[in-house]
**Q** 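Below you'll find the structure I mean.
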Amino acid sequence: MASVIAGQLGRTPTRRLPRDCLWGVPHRPARAGRRWVGVCERRVEAIDWAVAHRRQFNIRVINLSLGAPVLQPYRDDPLCEAVERAVQAGIVVVAAAGNFGKTDEGGRCLAASTSPANSPYAIAVGAIDTHGTPQRSDDTVATYSSRGPTRYDLIIKPDLSAPGSHIVGAEAADSYLSRMHAERHVTGNGPNAYIQLSGTSQAACGYERAVALLLRSTRTFDQENLSAAAVDELSHSVVGVTRLRFWQLECGRSG
């Protein structure tokens, strides 16, 4: 995911990225016997760590390319509460909408957004399939992309969508994905290997890159006009994005 946000063609892990470009947030391991509770705790602690160190490391945007089932209203969800704290502290939070847009039988599934993308404080990003062409006229909403009003709160999500299908990024050698999905390897080896993956996590990373570039500009933004400006930024770059309320569409078109 980091390579999608801040990667540059030809860069390898041995090259040094700018210090203000990207920070990975540390977290402690989950406790044995408390698998899900431990995972949630780690995520909340990571967000709170970013808030506490935002001035020290100039943290202005958080990527949450992750998701959990929505089991309660967002106001009672610890992960959504952490997102709200981050936004109140002046940090933009970008979250993957989720990959549950269709049922096992292939039918469309609504109200499938994951936590914390269901939070009104998070910018939830859905996925578009560009079908490998630069033209936006043939773009469609990825069938797996979660959409529709959120469970319990009925908030319309995602907030926007960006390319998320067949995205090429850095491949970690001997990782689970590398071993179990060798067919997705694109080229290279070792630190110069690339893999192609699909998901709203990839879409969120592409959108966050635009947000980070905007935040490094001389202009100032609040949460609302930043989202609109990032849409415009991506619309004029190599990757397209749309504010389409695609949960309403029957055919899943994004053009």
Side-chain angles (χ1 to χ4, degrees), residues 25 35-48 50-51 61-104 107-128 141-162 164 199-208 211 221-231 241-250 252 254:
V25 177
R35 187 172 183 179
W36 164 241
V37 174
V39 170
C40 186
E41 284 179 346
R42 286 186 296 162
R43 293 172 177 177
V44 170
E45 289 176 357
I47 295 171
D48 287 339
V51 172
V61 56
I62 292 176
N63 170 265
L64 295 176
S65 285
L66 49 85
V70 176
L71 304 176
Q72 57 208 332
Y74 81 89
R75 293 190 182 279
D76 300 324
D77 186 324
L79 194 53
C80 291
E81 291 176 346
V83 167
E84 182 177 352
R85 289 194 294 272
V87 172
Q88 296 292 354
I91 299 175
V92 178
V93 178
V94 178
N99 301 326
F100 302 98
K102 63 179 180 180
T103 64
D104 292 339
R108 188 173 61 172
C109 182
L110 298 179
S113 296
T114 54
S115 171
N118 64 314
S119 168
Y121 292 92
I123 300 176
V125 184
I128 289 174
V141 175
T143 57
Y144 57 78
S145 188
S146 295
R147 68 199 76 183
T150 61
R151 293 186 65 188
Y152 301 104
D153 303 299
L154 301 180
I155 300 170
I156 303 304
K157 292 284 182 171
D159 298 290
L160 47 87
S161 56
T200 56
S201 289
Q202 279 72 20
C205 288
Y207 175 75
E208 179 163 351
V211 171
F221 302 92
D222 57 32
Q223 184 89 351
E224 182 176 352
N225 64 31
L226 174 66
S227 179
V231 169
V241 68
T242 178
R243 270 187 171 279
L244 182 68
R245 298 297 192 190
F246 60 73
W247 66 275
Q248 297 176 314
L249 300 184
E250 293 295 329
S254 63

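FYI, side chains are in, hydrogens and waters are out, and symmetry mates aren't considered; it's all heavy atoms of this structure. Not measured: the values here are computed from a predicted model.
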**Q** Can you check whether Gly67's main-chain N or O pairs, donor with acceptor, with Thr114's side chain at less than 3.5 Å?
**A** no
**Q** Do you know the tightest heavy-atom contact between Val93 and Ala86?
**A** CG2-CB, 3.9 Å
**Q** Looking only at atom types and distance, does a side-chain atom of Glu208 sit under 3.5 Å from a main-chain N or O of Val94, one as donor and one as acceptor?
**A** no
**Q** Looking only at heavy atoms, what is the nearest atom pair of Pro78 and Val44, with distance?
**A** O-CG2, 3.7 Å
**Q** If you compare all heavy atoms of Thr200 against all heavy atoms of Ser145, which two are closest, and at what distance to 0.1 Å?
**A** CG2-OG, 3.6 Å
**Q** Count the heavy atoms belonging to other residues, nucleotides or ligands that lie under 6.0 Å from CZ of Phe100, then report whether that count exceeds 12.
**A** no
**Q** How many angstroms lie between atom CG of Leu71 and atom CZ of Arg151, to the nearest 0.5 angstrom?
**A** 7.0 Å
**Q** To the closest 0.5 Å, what do you measure between CD (Gln202) and OG (Ser65)?
**A** 7.0 Å
**Q** Spell out, as yes or no, whether a donor-acceptor pair under 3.5 Å connects the side chain of Thr103 to the backbone of Gly107.
**A** yes
**Q** Is there a side-chain contact between Pro116 and Glu84 (heavy atoms, below 4.5 Å)?
**A** no
**Q** Please identify which of these residues, Asn118, Thr150, Leu79, Val83, meets the side-chain contact (heavy atoms from CB on, under 4.5 Å) condition with Tyr74.
**A** Asn118
**Q** Might you point out which heavy atoms bring Pro120 and Ile155 nearest each other, and give the distance in Å?
**A** CD-CD1, 3.7 Å
**Q** Keeping to residues at least two apart or across chains, list the salt bridge (charged side-chain N to carboxylate O under 4.0 Å, His left out) pairs with something in residues 63-77.
**A** none
**Q** Are any non-hydrogen side-chain atoms of Ser113 and Val70 less than 4.5 angstrom apart?
**A** no
**Q** Do you know the tightest heavy-atom contact between Gln72 and Tyr152?
**A** N-CE1, 3.4 Å
**Q** Closest heavy-atom contact between Ala127 and Ala203?
**A** CA-CB, 4.0 Å
**Q** Taking only residues at least two apart or on different chains, which pairs with a member in residues 115-126 satisfy salt bridge (charged side-chain N to carboxylate O under 4.0 Å, His left out)?
**A** none
**Q** To the nearest 0.5 angstrom, please state how far the OG atom of Ser119 sits from the CG atom of Asp153.
**A** 9.0 Å
**Q** Which value, rounded to the nearest 0.5 Å, describes the distance between Ile47 atom CD1 and Glu81 atom CD?
**A** 11.0 Å
**Q** Taking the side chain as every heavy atom from C-beta outward, state whether Ser146 and Pro158 have any pair of such atoms under 4.5 Å apart.
**A** no
**Q** Applying salt bridge (charged side-chain N to carboxylate O under 4.0 Å, His left out), run through Asp159 and Lys157 and close with a yes or a no.
**A** CA-CA 5 Å; Asp159 298 290; Lys157 292 284 182 171; 2.9 Å; yes
**Q** Which distance, rounded to the nearest 0.5 Å, do you find between the OG of Ser161 and the CZ of Arg147?
**A** 9.5 Å
